[in-house]
Amino acid sequence: MTKKAVAPVLVRHVIWLGWKLVVFLSFALCFIALLRLHFSPDISSPTNSLSRTRWRSRIPRYNFNGPPKIAFLFLARLNLPLDFLWGSFFENADAANFSIYIHSAPGFIFDETTSRSHFFYNRQLTDSIQVAWGESSMIEAERLLLATALQDPANQRFVLLSDSCVPLYNFSYIYRYLMASSRSFVDSFLDLKDGRYHPKMAPVIPRDKWRKGSQWISLVRSHAEVVVDDEVVLPVFKKFCKRRPAVDTSKGKLNLKLQKQHNCIPDEHYVPTLIAMSELEGDIEQRTLTYTLWNQSATKMDNKAWHPVTFNYADASPKRLKEIKDINHVHYESEARTEWCQTNSRFVPCFLFARKFSRGAAMRLLSEGVVGPFDASSLLGNS
């Protein structure tokens, strides 16, 4: 009987020791976790997250030797209607000084049947997405362009252009202008009255880091990497920065409900806000290099209100171009700030590019010899 009674006692003793060990290990793990929280940086801090992102760039690192290149990044709806102008522009450049990337509709191929310039043949991205104006797909397309261009270590400047952009100078001038500056050109300003900041963006995106600006940017390589590597700001934009549906008369009273939805245009806020969040505003020129003329309609219900004006043949006169080229400062009313255009403390023209230009206006630029010698009359038969 005594031997049989010993076994249950031993079992209970082992179980009791086991529970003591579990409790001890639990307390030890909790203590270690508290120590790590106390001595580690706040991982919920957006600034800390973005700082870590910059140091773990997914872009391959190469030792680069040779002439630095400008990556021209075209964001196109389908084809490039002004390819003949850009073809002349690149014809007068050293091929070792530039590269071309195009984000177009998925499946669209640039070849001799779709482009009048060999410079664009097969320059389309193979992983392009369907893009809608005013949606986060626009900034995702921009990131795809940057990510692809970053694969070439020679690309040191990255210029984002629309399919209606034109150069205002020849390649040599634009190359020297961009390479002379070690800073990015990102239009960035405060606009506390625009109502686009969503309170739910906090605390990831604080109110004081919210910025607005033109999407047409020019980045140095390190800043392009920041945009591509971002995993903090983009998800918030996808969730809370969405365009309000346009007024649709067929929906009747439903329009009243739709127009109460929060309105935000991602591409006008993403890059400048990301730069501010990354504490990089001191490393940029807070202006765009692309000129846009806005029709400042005072009628809120006017569908054309605050849309870019299209330059036609008559608008592209030498006098008008000179007026654009002579602009040497930009004034931001919301900040009562005047941005004087400088490179290395030397005053320079503010704009290297302009939009939106029609095909006729682009032909006139060619005939005026803006980008290089070319006979624009040869294109008139294909209009």
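Here the structure is a predicted model, which is why all the values come from computation and not from measurement.
Contact check for L352 versus L168: no side-chain heavy atoms found under the 4.5 Å cut-off. Side-chain contact between M201 and R207 is absent, with no heavy-atom pair separated by less than 4.5 Å. Here the side chains of L160 and L145 are in contact, with some heavy-atom distance below 4.5 Å. Counting heavy atoms from C-beta outward, F357 and L365 have side chains that approach closer than 4.5 Å. A 4.5 Å side-chain heavy-atom check between I174 and P167 finds at least one atom pair inside the cut-off. In this structure the side chain of V227 reaches within 4.5 angstrom of the side chain of L219, judged on heavy atoms.
Residue P153 comes nearest to Q156 through the heavy atom pair O-NE2, 2.7 Å, listed as atom of the first residue, atom of the second, then distance. Nearest heavy atom pair, residue S218 against residue L178, reads OG-CD2, 3.6 Å. Contact record, C350 with V330: SG-CG2, 4.2 Å, taken as the closest heavy-atom pair. The minimum heavy-atom distance linking S358 with L82 is given by the pair O-CD2, 3.8 Å. Minimum interatomic distance between A149 and A71 (heavy atoms only, all atoms of both residues): CB-CB, 4.0 Å. Closest heavy-atom contact between I217 and V271: CD1-CG2, 3.9 Å.
Figure legend: cation-pi geometry between R364 and Y313, with NZ or CZ positioned under 6.0 Å from the six-membered ring centre and within 45° of its axis.
Between Y177 and F185, the two ring planes are tilted [angle within 30° to 60°]. Ring geometry for F72 against F74 counts as parallel: the plane angle stays under 30°, on a 0 to 90° scale with 60° as the upper cut. Note: F108 and F110 have perpendicular aromatic rings, judged against thresholds of 30 and 60 degrees for the angle between ring planes.
Side-chain contact check for N170 and Y175: no donor-acceptor pair (N or O, by modelled atom type) lies under 3.5 Å. Between the side chains of T114 and N79, not a single donor N or O lies within less than 3.5 Å of an accepting N or O. Side-chain contact, Q215 with E268: no donor N or O sits under 3.5 Å from an acceptor N or O. Between the side chains of H103 and S128, not a single donor N or O lies within less than 3.5 Å of an accepting N or O. Looking only at atom types and distance, the side chain of D83 has a donor-acceptor partner in the side chain of S115 under 3.5 Å away. Looking only at atom types and distance, the side chain of R143 has a donor-acceptor partner in the side chain of Y270 under 3.5 Å away. Judged purely by distance below 3.5 Å, without hydrogens or angles, the side chains of T338 and H329 never pair a donor atom with an acceptor atom.
Between atom CD1 of residue I100 and atom CZ of residue R123 there is a gap of 7.0 Å, rounded to the nearest 0.5 Å. The CD1 atom of I205 lies 11.0 Å from the NE2 atom of H269; values are rounded to the nearest 0.5 Å. Annotation: the span from Q286 atom CD to F189 atom CZ amounts to 10.5 Å, rounded to 0.5 Å. Taking NZ of K209 as the reference point, atom OG of S278 lies at 9.5 Å (rounded to 0.5 Å). Rounded to the nearest 0.5 angstrom, H223 NE2 and R221 CZ are separated by 13.5 Å. Taking CG of L234 as the reference point, atom OG of S136 lies at 7.0 Å (rounded to 0.5 Å).
Tested against V186, the residues L289, I284, T288 include a single side-chain contact (heavy atoms from CB on, under 4.5 Å) partner, I284. Exactly one of L146, D230, L150 qualifies for a side-chain contact (heavy atoms from CB on, under 4.5 Å) with E225. That residue is L150. The only member of R196, R337, K212 that meets salt bridge (Lys or Arg N to Asp or Glu O under 4.0 Å) when paired with D191 is K212.
Put simply, V220 and V226 are part of two different groups of oily side chains (I, L, V, M, F, W, Y) that touch within less than 4.5 Å, one to the next. Tracing side-chain contacts under 4.5 Å through hydrophobic residues (I, L, V, M, F, W, Y), one reaches I129 starting from I139; they form part of the same cluster. At a threshold of 4.5 Å between side-chain heavy atoms, the hydrophobic network of Ile, Leu, Val, Met, Phe, Trp and Tyr places Y169 and F84 in one connected group.
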Item checked: Worked check of side chain to side chain contact (heavy atoms under 4.5 Å, CB included) between V159 and L73 -> CA-CA 6 Å; V159 179; L73 314 177; over 6 Å; no
Margin query: Using side chain to side chain contact (heavy atoms under 4.5 Å, CB included), reason through T310 and N312 one step at a time and then give a plain yes or no.
Written below: CA-CA 6 Å; T310 297; N312 294 309; 4.1 Å; yes
Check: Going through the checks in order, is the side chain to side chain contact (heavy atoms under 4.5 Å, CB included) test met by E140 and K238?
Finding: CA-CA 10 Å; E140 290 182 274; K238 285 183 176 181; 3.1 Å; yes
Next item on the list: Apply ring-ring contact (aromatic ring centres under 6.0 Å, His included) to W210 and F237, showing your working.
Entry: CA-CA 11 Å; W210 182 250; F237 264 73; 5.6 Å; yes
Margin query: Using side chain to side chain contact (heavy atoms under 4.5 Å, CB included), reason through F119 and F98 one step at a time and then give a plain yes or no.
Written below: CA-CA 11 Å; F119 288 105; F98 71 90; 3.9 Å; yes
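A salt bridge is absent between K325 and E323: the closest approach of a Lys/Arg side-chain nitrogen to an acidic carboxylate oxygen does not fall below 4.0 angstrom. The pair E135-K242 fails the salt-bridge criterion, with no side-chain N (NZ, NE, NH1 or NH2) lying under 4.0 Å from an Asp/Glu carboxylate O. The existence of a salt bridge linking E285 and R183 is confirmed by a sub-4.0 Å separation between a basic side-chain nitrogen and an acidic carboxylate oxygen.
By the neighbour-count criterion of 12 heavy atoms within 6.0 Å, atom CD of E112 is densely surrounded, having more than that number from other residues, nucleotides or ligands. Around the CZ atom of R77, the shell of radius 6.0 Å holds no more than 12 heavy atoms that belong to other residues, nucleotides or ligands.
Ring to ring, F353 and Y291 are not that close: their centroids are 6.0 angstrom or more apart.
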